[in-house]
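Notes follow once the structure below has been shown.
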Amino acid sequence: MVEKQERDLRRDGLLFLVGVTGLAVLELGTQPTSAREFVILREFLFGSALGILLSGVFRATDKQALVSTLCLAVGFAVGGVINVF
């Protein structure tokens, strides 16, 4: 369960903007390729950006933001591995 903390517009807004920027850079700045390593790295970065974005939306504490971001990143990378192989 996520412990919500008091709304801090600077912190939450910054997390949200960093997450949206990361997603936009990944979607608009990368070319489709079949390199396995690139797919895994891209999925890891996608999960990281999504975790940061959602940490800002749900006002997670710093520890929860770190753990959820890492879990999402690893989960997306594992999904990329399964999808490639």
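Residues Leu54 and Val25 are members of separate hydrophobic clusters, defined by side-chain heavy-atom contacts under 4.5 angstrom among Ile, Leu, Val, Met, Phe, Trp and Tyr.
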Quick one: side chains of residues 73-85, donor-acceptor pairs under 3.5 Å with protein atoms, not counting sequence neighbours, listed by atom name and distance.
none

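Hydrophobic cluster membership for Leu70: Leu66 (Ile, Leu, Val, Met, Phe, Trp, Tyr linked by side-chain heavy atoms under 4.5 Å, directly or transitively). Other cluster members for Val18: Leu14, Leu15, Ile52, joined by side-chain heavy-atom distances under 4.5 Å among Ile, Leu, Val, Met, Phe, Trp and Tyr.
Counting only residues at least two apart or in different chains, side chain to side chain donor-acceptor pair (under 3.5 Å) contacts with residues 15-27 comprise Glu27-Arg42. Counting only residues at least two apart or in different chains, salt bridge (charged side-chain N to carboxylate O under 4.0 Å, His left out) contacts with residues 64-83 are absent. Identified under the salt bridge (charged side-chain N to carboxylate O under 4.0 Å, His left out) test for residues 65-85, with sequence neighbours left out: none.
Remark: Arg7 engages Asp12 in a side-chain hydrogen bond (donor to acceptor under 3.5 Å, both in side chains) (not counting sequence neighbours). For Leu45, the side-chain contact (heavy atoms from CB on, under 4.5 Å) partners at least two apart in sequence or on another chain are Leu26, Leu41. The side-chain hydrogen bond (donor to acceptor under 3.5 Å, both in side chains) test applied to Asp62 returns Arg11, not counting sequence neighbours.
Between Ala65 and Ala60, the closest heavy-atom pair is N-CB, 4.1 Å. Here the closest non-hydrogen pair linking Thr69 and Ser48 is CG2-O, 3.5 Å.
Here the CG atom belonging to Asp8 is positioned 8.0 Å from the CZ atom belonging to Arg10, to the nearest 0.5 angstrom. To the nearest 0.5 Å, the span separating CZ on Phe58 from OG on Ser68 amounts to 10.0 Å.
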